[in-house]
Amino acid sequence: MNEVMNTILHRRSIRRFAPKQIEETALQQILQAGLYAPSAGGRQGVLFAVCQDKEVNERLGKIKRANSHPCMATETSFVSREQPSIADDPKLTNAFYDAPAVITMFAPKNFLFSAEDCALAAENMMLAADTLGIGSCYIGQGWTAFDHPYGQEMLRQWNIPTDHYAIMQLLLGYPREGDKHPTAKPRKEGRIIRIGEGKE
Ligand SMILES: Cc1cc2nc3c(=O)[nH]c(=O)nc-3n(C[C@H](O)[C@H](O)[C@H](O)COP(=O)(O)O)c2cc1C
């Protein structure tokens with residue numbers, strides 16, 4: 001298998017981070033991977049707000065947790081046993097899991113493909129992070145972290161245009177020491193539908 005396939009298969013969501021900040025050179029490469037993602041119409045409309053301020057990330061992560069109402073895990077239905085999410089462990093109070101770097105991706109409110117643009121940039125960045133030994137996790141419903149006067153103040157301080165909204169957060173950090181890299185859940189059967197015989 002080539003490098004790209006190996007990385008795709010190796011990447012897992014990481015929710016337990018070492019406190020150490022990520023290296024600037026690695027961050028630059030991850031951001032470059034995001035900037036080079038496809039975007040609808042080639043508009044390059046996604047804004048990447050990189051926050052490495054521990055206190056700000058903690059406050060926004062806690063606001064987000066307070067605004068999140070996930071379906072809680074059961075014996076048979078759960079997100080991850082190895083790296084529990086807020087749906088798996090109600091004791092988790094920070095929806096950003098104390099990641100040292102949190103990238104909020106903003107895109108225009110009135111553009112049909114804003115979510116897709118952010119998701120594609122995020123996947124590029126998660127794959128780049130994996131190749132650099134950095135763990136990542138996609139956090140959906142980005143706007144919930146700002147649904148509080150403190151979050152609104154951050155948007156003003158960061159100069160986020162008012163016609164943009166936070167689609168998601170990408171968490172980045174070195175995996176916590178001693179943790180085994182998570183294993184992928186088995187892939188569900190029957191999701192590929194083949195049409196035609198694949199002949200010339
Ligand atoms: C659209 C989307 C939203 C997600 N939101 C969250 C989230 O809010 N919190 C979280 O811990 N993980 C979140 N995840 C990560 C998924 O839980 C994770 O990708 C899934 O469990 C599969 O695990 P893997 O990434 O290790 O393959 C999200 C993933 C996607 C694609």
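Side chains are part of it too, since the values below use all heavy atoms of this structure and drop only hydrogens, waters and symmetry mates. Because the structure is a prediction, the values reported are computed rather than measured. Every number for a ligand or one of its atoms is a count from 1 in the order of the listing.
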Q: Would you mind reporting whether H164 and F111 have side-chain heavy atoms less than 4.5 Å apart?
A: no

Q) Do any nitrogen or oxygen atoms of S85 come within less than 3.5 Å of a nitrogen or oxygen of ligand 1? A) no

Q: For Y97, take its heavy atoms, then give the atoms of ligand 1 lying under 4.0 Å from any of them.
A: 9 (N), 10 (C), 11 (O)

Q) What protein heavy atom is closest to atom 6 (C) of ligand 1, reported as residue, atom name and distance in Å? A) Y138 O, 3.1 Å

Q) Taking non-hydrogen atoms only, is K185 closer than 4.0 angstrom to ligand 1 via side chain, backbone, both or neither? A) neither

Q: Mark the output for R11 as yes if a heavy-atom distance to ligand 1 is under 4.0 Å, and as no if none is.
A: yes

Q) Is the F146 ring parallel, tilted or perpendicular to the W158 ring (thresholds 30°, 60°)? A) perpendicular

Q: Would you check if R15 and S85 make a side-chain contact, meaning some heavy-atom pair closer than 4.5 Å?
A: yes

**Q.** Numbered atoms of ligand 1 (with element) below 4.0 Å of V79, judged on heavy atoms
**A.** 17 (O), 21 (O)

Q) Is the closest protein non-hydrogen atom to atom 22 (C) of ligand 1 under 4.0 Å? A) no

Q.
Checking side chain to side chain contact (heavy atoms under 4.5 Å, CB included) between L127 and each of I30, V4, I8, which is the one that passes?
A. I8

Q) Taking C-beta and beyond as the side chain, do Y97 and I139 meet within less than 4.5 Å on heavy atoms? A) yes

**Q.** Validation row: Q32, Q28 side chains within 4.5 angstrom (heavy atoms)
**A.** no

Q) Are any of the N/O atoms in G140 less than 3.5 Å from those in ligand 1? A) yes

Q | Nearest neighbour in protein (non-hydrogen) for atom 9 (N) of ligand 1 | A | I139 CD1, 3.4 Å

Q) Heavy-atom distance under 4.5 Å between the side chains of M105 and D117, does that happen here? A) no

(Q) What I want to know is whether K64 and ligand 1 share at least one N or O pair that is separated by under 3.5 angstrom. (A) no

Q | For ligand 1, the portion of R15 having any non-hydrogen atom under 4.0 Å away | A | side chain

Q: Could you tell me which atoms of ligand 1, counted from 1 in the order shown, lie closer than 4.0 angstrom to a heavy atom of R12?
A: 24 (P), 26 (O), 27 (O)

Q) Below 4.5 Å, heavy atoms only, C-beta onward: do F96 and L171 meet side chain to side chain? A) yes

Q: Indicate, as side chain, backbone, both or neither, the part of C137 found under 4.0 angstrom from ligand 1 when only non-hydrogen atoms are considered.
A: side chain

(Q) With heavy-atom distances below 4.5 Å as the criterion, would you say the side chains of K64 and I86 are in contact? (A) no

**Q.** Nearest neighbour of atom 19 (O) of ligand 1 from the list S13, A95, C118, on a heavy-atom basis
**A.** S13

